[in-house]
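Before any comments, here is the structure.
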Amino acid sequence: MKLRVSVAIAALVASRVSIGQPDNAPAGRWWSHMQVLASDELEGRLTGTQGHRKAVEYAAKQLERAGLKRSGTDGYFQPVQFIRLEIVERGSKLELVRDGKATPLDFADDAFLYPVPDLASTLEAPLMFVGHGLTILEKGIEDLKGLDLKGKVAVSLAGAPVSLPGPLGAYAQSIAERWKALKKAGALGVVRILNPDNMDIPWPRLANSRTEPDFTLADPSLNETAGLQLAVVVNPAQAEKWFADSGHTFAEIIAAARQDKPLPKFEMAGKLRVATRQSSQAVTSDNVVAVLPGSDPRLKDEYVVVSAHIDHLGVGSPVNGDRIYNGAFDNASGCSTVLETAATLAHGRERPRRSIVFLLPTGEEQGTLLLGSKYFVNRPTVPVEAIVADVSIDNLVALFPLKSLIAIGMDESDLGNDVRAVGAKLGLEILPDPQPKRVLFIRSDQYSFVRRGIPAVWPRVGFRAGSPEEVMYKKWLTERYHAPSDDLQQPINRQTAEDFNRAFAALVLQIANRDRRPAWNESSFFRRFAK
């Protein structure tokens, strides 16, 4: 099918960049892509919007110009059907009911409703505190064992025990795994109290965006939260009122969590009364998919996927008067790196031995379900059994010079050897993840591939725990992550981007050229997913 490039995006491209003639500054071509993808004209690239359509048309055009082959079901596009869900707070309410007295909860300050496909219009149910709400038999963790959750709402503290290994904790904390166990135990819904020690985004900013839409895949066979009638997120600063008359306090819970002690499980006093209104709308949004054919007759029918989500949060609640959530670092930066890598490898002197799929999924920002990549691995445009690895890039946070790399997931498979080889070649130190409790391995598109048994790695600009670079990164996370200020006006070190892009392309080529198919390490928890 002929590539569908709209008049609007063609005009935008012409006004922003001179395609094929990047400037001579560091990361010139990468920066040219950034100027388009993070521009106000694309209005934050929310899944299913015209701004997102402009973004995918732009990306597809760049992949076509690089000479890549079409792989989507509609040219370079793979249409994905979604249901867009929005909580309508006017007409919705949350109340804690004790001894016949109802205490209303304020959506902005206390707790808010999260959109889910099977949200109940009315519900009144007892509450049960279930600790972290985890079921991890390998570690003897059975938070739900012996609890009668039938007809109740499960209340949990977000996160996992401090001593729990990162990969195992990441897997167990995913919404799909949590709900699977809670549903089996008879729970109607979930209330998640955020852990103040592990919040990426401050509560005021989180609550400010609470009425923004969420999405689910329209295909019911891919819905992993079926039967979830209620999902509530609680401000930890207001959590004590949930524990009134229960014999426990939230302060006690947090103290136990910080000391890595087992959390108590108990019936909470009273009930939660809920009335909800939720709107739904069918929408279509595209993944972008293209293939660079491999050169080795023996390996060209195997594929390395290079992925970066192209969606962001769109136009939302204003922060300091700005309503456009441009998503420059998250994740126009990663998409720009993928486009730069595609052009570099397509025109390089060394053609990769394996074929490379360049994938820009939609729907990554919608909760933690990674919808576009989930759709791709379940409805792949190439045989899924022929995909040998995924190399993901999400948030190229270019704030300080590139001296080291962190590679999320590198200890789970022998892709770690490839990371170390590239680091040695380029003089980059390879550092361990300094923030393992953020469980990043489950929080971006590589996890969709992991769950299909495909080894994956996510390289990032490196820094050490406690370093000035970590301070800079945490400041960005607190002030700009998922905020309108993640835009093109923030400080961006273009030399760092250029250096990272060189390392990223080298890693992709290293994996595509290796003789043996990547394999999980024997010690990896995620090896269980391998077919």
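The figures that follow rest on heavy atoms only: side chains count, while hydrogens, waters and symmetry mates do not. We count residues from 1, following the sequence as given.
- The closest side-chain donor-acceptor pair between T337 and N501 falls under 3.5 angstrom.
- Between S524 and W520 the shortest heavy-atom distance is OG-CE3, 3.7 Å.
- Not one N or O on the side chain of D214 forms a donor-acceptor pair closer than 3.5 Å with the backbone of Y114.
- Between C335 and L37 the shortest heavy-atom distance is CB-CD1, 3.8 Å.
- The side-chain hydrogen bond (donor to acceptor under 3.5 Å, both in side chains) check on R192 picks up nothing, with sequence neighbours excluded.
- With respect to R451 and E224, a salt bridge is recorded, a charged nitrogen being found less than 4.0 Å from a carboxylate O.
- Below 30°, between 30° and 60°, or above 60°: for F525 and F529 the angle between ring planes is above 60°, a perpendicular geometry.
- In this pair, Y58 and H33 present their aromatic rings perpendicular. The plane angle is above 60°, beyond the 30 to 60° band.
- In summary, D286 and R53 engage in a salt bridge, as defined by a charged side-chain N under 4.0 Å from a carboxylate O.
- Checked options F400, F329, F463; the residue passing with Y473 is F463 (criterion: ring pair (Phe, Tyr, Trp, His ring centres under 6.0 Å)).
- Taking 4.0 Å as the cut-off between side-chain N and carboxylate O, K54 and E57 do not count as a salt-bridged pair.
- The side chain to side chain contact (heavy atoms under 4.5 Å, CB included) test applied to D260 returns P161, V162, S163, not counting sequence neighbours.
- When all heavy atoms of D445 and S392 are compared, the pair lying nearest together is N-OG, 4.5 Å.
- Using bins of under 30°, 30° to 60° and over 60° for the plane-to-plane angle, the ring pair Y447/F526 lands in the perpendicular bin.
- At a threshold of 4.0 Å, the pair D200-R443 counts as salt-bridged, since one of the basic side-chain nitrogens sits closer than that to a carboxylate oxygen.
- The minimum heavy-atom distance between L68 and Y76, with the atom names listed, is O-OH, 2.7 Å.
- Using a 4.0 Å cut-off between a side-chain N of Lys or Arg and a carboxylate O of Asp or Glu, R514 and D414 qualify as a salt bridge.
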